[in-house]
Amino acid sequence: MKAKKVFFNIHSWIGIRLSILFFIVCFSGTLATLSHEMDWLFNPSIRAVPQEQLASRNTMVSNFRALYPKSKITYWVRHDEPYLCDIIYREENGKRSYVFANPYTGKIQGESNLTIQRYFRDLHYFLFIPFYQIGYLIVLTFAFLLLISLVTALFFYKKWWRKLFELQTGKGSLVFFRSLHRLVGLWSVPFTLLFSVTGIWYFLERTNVADIRTTANPLIPKVVPPEGNDNATKLDLSQTVDYDMAIALAKREIPQLSVGSITPPRKPNESIYLTGHSDVPLVRQRANRVYVNPYTYQVIGVQRAEHEGTVMWLNDIADPLHFGYWGGLATKILWFLMGMGICSLILTGIWISLKRQALKRKKVKKKIMGVWRYINWILVSLVICFMGHTLSQQYDVSFQTMSIIGLAWSIFLLLAYYIFVYQLNKVVNR
């Protein structure tokens, strides 16, 4: 068999066998790039009007405490987008919710058990599969498949650089979709390579190949509670922390630091953990870390982005490059469009390959995709079941939210059936 035919068969195999799950992974990641903006669009309580002066964090905690006196703060994030509220992770009676605090006025504007951003991140990260690591590794496996699809396509398309502006029309749907598939694929090459390489990096980090995970994620330093003060170990430190002082200490260590996230201590021996952006470009907030003793307010650890080692630097640029938020809204929109292009590649690739297979199998009276059609639907059904369980148990979402999500998935599945089963059979049998 000629090498070109081998590469073509590999490319087609990847595009068909796990096609629906492949699309879900890519599409959820694409929507995740603009998920903060979708939250802003659909949830008025998360919106903030940018102002010159920021509110005191201690004032925001006081407002939080007035509304939720028995709740713990487990995490506090200030996103890069100035039009969004801070999100304070609230925990009470084993349940978590997200509280929206205006960073300019300090006012608590609302609360939600689930955000659009969190939903699409969870779906894209691990498909809501609750078993340890399995969901992550399933998703990250598609990074390898995406790279193989790219490489095989470049090998079997002859002189592909001459077809960067070629779109064939008027020759039937199969020719049009094949031409569109090739055209979008060629223009998506840099981004397909970027998404697959960063996805493979996530896989290496997750599986700790060559100690990448250990090197890139140093242990958080512990503290010793004051002796002879039993009350100190019983206090909810998340409510008693002087957040303004902790931020001032962090900025003293890293003068250009804009604190983005704060993790208050949940146990008596934990420190206050702050991250944020400095003047070092491209890296995520976690590239700058400051650890503060919650009892003495002494800085006990500092990591500066400019002093990062190679492995840690690569780990801290992976997220901004993968999701496109390194350059603000402009790059996020560009990444979204390129992601949609890759999603269209999957859909057109499925249609082209399935139609070709259908015409061949029609002669020998075999079903399209064979056993893989059932494997795809079984896997998707499992994902939906896991998702429903996670949303109801972990996020405790309302019936209304669950109904909206269920309706969206129903529309998606009906469209998939209509296009790739009903319409395909109709085209083949006419």
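Residues N113 and S97 bring no donor and acceptor atom of their side chains to less than 3.5 Å of each other. Judged by distance alone, the side chains of D122 and Y395 do bring a donor and an acceptor atom under 3.5 Å apart. No donor-acceptor contact under 3.5 angstrom links the side chains of S271 and N293, judged on distance only. A side-chain donor-acceptor contact under 3.5 Å links N102 and Q109. For the residue pair T401 / S398, a side-chain donor-acceptor distance below 3.5 Å is found, with atom types taken as modelled. Side-chain contact annotation: D319 with Y202, donor-acceptor N/O pair under 3.5 Å present. Side chains of E52 and Y104: no donor on one and acceptor on the other come within 3.5 Å. No donor-acceptor contact under 3.5 angstrom links the side chains of T275 and R286, judged on distance only. Side-chain contact of W201 with N315: a donor-acceptor pair under 3.5 Å is present, judged by distance alone. Side-chain atoms of N288 and H277 form no donor-acceptor pair, as typed in the model, at a separation below 3.5 Å.
Remark: side-chain polar atoms of T331 are paired, donor with acceptor, to backbone N or O of G324 under 3.5 angstrom. For the pair E270 (side chain) and K222 (backbone), a donor-acceptor distance under 3.5 Å is absent. Judged by distance alone, the side chain of R47 and the main-chain N or O of W40 form a donor-acceptor pair under 3.5 Å. Side chain of N208 to main chain of R213: a donor-acceptor pair is present (N/O by atom type, distance under 3.5 Å, no hydrogens or angles). S28 places a side-chain N or O within 3.5 Å of a backbone atom of V25 that can act as its donor or acceptor partner.
Nearest approach of L167 to S179, heavy atoms of both residues: CA-OG, 3.2 Å. When every heavy atom of S19 is checked against every heavy atom of I350, the shortest pair comes out as CB-CD1, 3.3 Å. Of all the heavy atoms in L274 and V259, the pair that sits closest is CD2-CG1, 4.1 Å. Nearest approach of I346 to F22, heavy atoms of both residues: CD1-O, 3.9 Å. Nearest heavy-atom pair across S45 and G110 is CB-CA, 4.0 Å. Between P103 and C85, the shortest heavy-atom distance links the atoms CD-CA, 3.8 Å.
V380 places none of its side-chain heavy atoms less than 4.5 Å from the side chain of N376. Side-chain contact check for Y119 versus H124: every heavy-atom pair is 4.5 Å or farther apart. I148 is listed as a side-chain neighbour of I14, based on a closest heavy-atom distance under 4.5 Å. Considering only heavy atoms from C-beta on, V397 stays 4.5 Å or farther from S392 through its side chain. With contacts defined as side-chain heavy-atom distances shorter than 4.5 Å, the pair I200/L147 qualifies. Using a 4.5 Å heavy-atom threshold, the side chains of V283 and E308 count as touching. Taking the side chain as every heavy atom from C-beta outward, R78 and L54 approach each other to under 4.5 Å. Inter-residue side-chain proximity for R57 and W76 is flagged as met; some heavy-atom pair is nearer than 4.5 Å.
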- Message: Checking W409 against F412 for the ring-ring contact (aromatic ring centres under 6.0 Å, His included) test, could you report, in this order, the C-alpha distance in whole Å, the side-chain angles of both residues, the deciding distance, and whether it holds?
- Response: CA-CA 5 Å; W409 275 95; F412 166 74; 5.7 Å; yes
- Trace of the ring-ring contact (aromatic ring centres under 6.0 Å, His included) decision for F386 with F128: CA-CA 6 Å; F386 287 136; F128 289 104; 9.9 Å; no
- Item | side-chain hydrogen bond (donor to acceptor under 3.5 Å, both in side chains) between D80 and Q285, worked out | CA-CA 9 Å; D80 299 329; Q285 293 185 5; 3.2 Å; yes
- Derivation of the salt bridge (charged side-chain N to carboxylate O under 4.0 Å, His left out) call for K251 and E253: CA-CA 5 Å; K251 288 186 175 182; E253 298 294 331; over 6 Å; no
- Message: What verdict does the side chain to side chain contact (heavy atoms under 4.5 Å, CB included) test give for E111 and Y98, after you've listed the backbone C-alpha separation in whole Å, the side-chain angles of each residue and the deciding distance to 0.1 Å?
- Response: CA-CA 5 Å; E111 180 185 15; Y98 304 97; over 6 Å; no
- Message: Would I317 and W326 count as a side chain to side chain contact (heavy atoms under 4.5 Å, CB included) here? Give the steps.
- Response: CA-CA 9 Å; I317 66 171; W326 59 272; over 6 Å; no
- Item | Verdict with supporting geometry, R266 and E91, side chain to side chain contact (heavy atoms under 4.5 Å, CB included) | CA-CA 11 Å; R266 301 187 66 179; E91 187 176 289; 2.9 Å; yes
- Mind running side-chain hydrogen bond (donor to acceptor under 3.5 Å, both in side chains) on S112 and N43 for me, showing each step along the way? CA-CA 9 Å; S112 178; N43 189 353; 5.0 Å; no
- Might you work through the side chain to side chain contact (heavy atoms under 4.5 Å, CB included) test for D86 and V77, ending with a clear yes or no? CA-CA 6 Å; D86 288 11; V77 60; over 6 Å; no
- Task: Dump the intermediate steps for ring-ring contact (aromatic ring centres under 6.0 Å, His included) on W335 and Y325, then the final yes or no.
- Result: CA-CA 9 Å; W335 258 241; Y325 62 78; over 10 Å; no
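Taking the centre of each ring, Y75 and Y89 come in below the 6.0 Å mark.
Between F165 and W187, the ring planes lie perpendicular to each other; the angle is over 60°, past the 30° to 60° tilted range. Between F64 and Y68, the two ring planes are tilted [angle within 30° to 60°]. Aromatic ring orientation, H181 versus H11: perpendicular (interplanar angle above 60°, classes split at 30° and 60°). A parallel orientation is assigned to the rings of F23 and F27, their planes being inclined by less than 30° (bins at 30° and 60°). Classified by interplanar angle (parallel below 30°, tilted 30° to 60°, perpendicular above 60°), the ring pair H36/H79 is tilted.
The CG atom of L127 sits 11.0 Å away from atom CD1 of I384, with the distance rounded to the nearest 0.5 Å. Distance check, rounded to the nearest 0.5 Å: OG1 of T115 to CD1 of I46 gives 6.5 Å. Interatomic distance, OG of S188 versus CZ of F195, reported as 8.5 Å (0.5 Å rounding). Going from atom CD of Q394 over to atom CG of L114 covers 9.5 Å, rounded to the nearest 0.5 Å. To the nearest 0.5 Å, atom CG of residue L345 and atom OG of residue S149 are 9.5 Å apart. Between atom OG1 of residue T141 and atom CG of residue L21 there is a gap of 10.0 Å, rounded to the nearest 0.5 Å.
With respect to the salt-bridge test (charged N to carboxylate O, under 4.0 angstrom), the residues K72 and E92 do not qualify.
Under the salt bridge (charged side-chain N to carboxylate O under 4.0 Å, His left out) criterion, E166 pairs with R182, sequence neighbours left out.
Applying the 6.0 Å contact sphere to OH of Y417 captures no more than 12 heavy atoms from other residues, nucleotides or ligands.
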